[in-house]
Amino acid sequence: MTDFFKGIAPLRYEGPDTTNEFAFRHYDPDEVVMGRTLRDHLRFSVTWWHSFAWEGGDPFGGRTFERPWFGDTMDHARLKADAAFELFTILGVPFYAWHDLDLRPEGATFSESRDRLTEITDYLGQKQEETGVRLLWGTANMFSHRRWMAGSATNPDPEVFLYAAATVKACLDDTKKLGGQNYVLWGGREGYETLLNTDLKRERQQAGRFLCMVVDYAKKIGFDGTILIEPKPQEPTKHQYDFDVATVYGFLKDFGLEGEVKMNIEQGHAILAGHSFEHELAMAASLGLLGSIDMNRNDYQSGWDTDQFPNNVPEVMLAYYEILKAGGFTTGGTNFDAKLRRQSLDPEDLVLAHAGAMDVCAAGLKAAARMLEDGELERRRAERYADWEREGAILESDLETLAARVVREGIDPRPRSGRQERLENLVNRYL
Ligand code: XUL
Ligand code: CO
């Protein structure tokens with residue numbers, strides 16, 4: 001037990017009228033929506049990196065947070081784990097997620113780093129047993145240390161590729177050991193700053209081979225979770241190879257991995273790519289690649305990946321609508337890849353940032369479920385395409401036949417309203 005969250009009791013659902021800051025207004029984990037509890041729909045997860053490893057620095061200044069677990073010994077790592085599981089229990093979240101680097105300090109050699117990872121993940125295994133909290137996913141941080149500055153699998157130096165292979169193997173082993181539901185690969189520095197020093201074709205090939213090796217190894221050890229790629233268009237590098245869902249789909253097809261790997265889609269990354277979150281989710285669902293989500297929001301003016309906690313129900317509603325329409329999560333979940341603002345120093349800030357975000361997601365999901373169950377939006381969308389029901393043969397035809405038909409029947413299409421504002425009004429009805 002730490003005393004970091006001392007005096008903060010586990011949060012309970014008290015309903016929309018409560019004025020208790022330390023209670024849920026919309027998230028009742030046992031509430032059943034569309035045949036499933038909110039706990040099972042939302043599958044909330046807290047991230048180790050933002051909530052426990054990040055120190056509050058920005059490009060202009062360093063650490064603002066004071067946490068008793070900041071330090072580079074294994075004792076600090078265990079204290080951090082104790083505090084993390086205390087937060088999970090206060091919030092009642094069923095899952096959490098980590099990078100290897102968030103969990104423990106690196107050692108002087110690869111082997112020492114790996115052994116420390118094994119040691120701390122053994123400890124996490126005990127904490128999981130004690131609390132019932134499970135691992136949503138593990139991943140490797142292959143972007144912070146200077147060895148990764150020119151990429152991991154896409155690095156011009158084959159020794160970095162080797163180091164990346166060893167790192168992912170260790171992280172996959174420990175994710176499996178902890179019963180992780182997924183394993184994530186975000187292409188941290190898999191991209192480039194300038195073409196002048198970059199062989200783009202070769203780097204993409206290396207990334208493809210690397211992913212094939214990861215998939216093969218996961219199968220070999222009997223990892224039964226899902227391998228997920230997390231697209232992001234830029235930041236840290238100017239051009240990232242995993243730009244967005246459509247780009248990653250092309251990449252997976254290229255290497256025959258479209259049946260093996262799914263996607264972890266992040267709200268802020270979608271926005272950086274010039275898309276909306278729901279666009280990326282709908283695109284992934286349409287390609288059969290929807291895996292999990294990193295829930296957060298960006299500042300819409302700054303053009304940065306600001307990783308703020310979500311606080312906009314209408315926005316979140318449209319995202320969950322796509323998820324529910326696709327059948328909901330299987331191994332995936334709602335992972336809060338979100339961090340406090342650096343002035344939010346208190347333990348209470350950490351608790352309430354998550355609690356508010358959980359309420360926003362619950363309210364959004366319930367609104368989405370109302371809209372889906374009512375079916376009016378889907379009816380209107382289907383109506384727009386209704387003529388295709390009798391004209392499906394067009395797609396089996398050829399240009400000459402179709403051209404002849406236009407002339408023969410004097411076809412002259414009449415434009416019809418897209419009714420966007422009416423549909424926007426309809427959506428607001430369910431909020
Ligand atoms: C970076 C990001 C990562 C991944 C995991 O923008 O989202 O935290 O989620 O590496
Ligand atoms: Co993320």
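As the structure lists them, so they are numbered: ligands from 1, and atoms in each ligand from 1.
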Do ligand 1 and [X] have nitrogen or oxygen atoms that lie under 3.5 Å from each other?
X	answer
Lys232	yes
Glu230	yes
Asn264	no
Thr139	no
His269	yes

State plainly whether the residues [X] and [Y] are in salt-bridge range, i.e. N to O under 4.0 Å.
X	Y	value
Asp254	Arg204	yes
Asp122	Lys177	yes
Glu378	Arg381	yes
Lys366	Glu31	yes
Arg116	Glu119	no

* Asked: Quick one: nearest non-hydrogen protein atom to atom 5 (C) of ligand 1, plus distance?
  ->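 Among all protein heavy atoms, the one nearest atom 5 (C) of ligand 1 is His99 NE2, 3.3 Å.
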* With the Co ion (ligand 2) as the centre, enumerate protein N/O/S atoms below 2.8 Å in chain and residue order. =>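 Glu230 OE2, Glu266 OE1, Asp294 OD2, Asp337 OD2, with waters left out.
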* Asp294 heavy atoms, cut-off 4.0 Å: which ligand 1 atoms fall inside? ->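 Near Asp294, the atoms of ligand 1 are 9 (O).
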* Numbering as shown, the atoms of ligand 1 that approach Trp49 to under 4.0 Å (heavy-atom distance) ->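 Those atoms are 8 (O).
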* To do: Go through the side-chain N and O atoms of Asn141 and Asp102 and say whether any donor and acceptor fall under 3.5 Å apart.
  =>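 There is no such pair between these side chains.
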* Distance-only donor-acceptor check, side chains Thr47 and Asp337, under 3.5 Å ->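 The criterion, which ignores hydrogens and geometry beyond distance, is not satisfied for Asp337 and Thr47.
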* Asked: Would you call Asp305 a ligand 1 contact, heavy-atom distance under 4.0 Å?
  ->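 The answer is yes: ligand 1 sits under 4.0 Å from a heavy atom of Asp305.
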* Test log, rule ring pair (Phe, Tyr, Trp, His ring centres under 6.0 Å), inputs His99 and Phe143 -> CA-CA 11 Å; His99 300 91; Phe143 44 88; 5.5 Å; yes
* Asked: Is there a side-chain contact between Tyr123 and Leu103, using heavy atoms and a 4.5 Å cut-off?
  ->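 The answer is no; the side chains never approach within 4.5 Å.
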* Asked: So do Leu324 and His41 actually touch side chain to side chain, heavy atoms under 4.5 Å?
  ->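 Heavy-atom side-chain distance check passes, below 4.5 Å.
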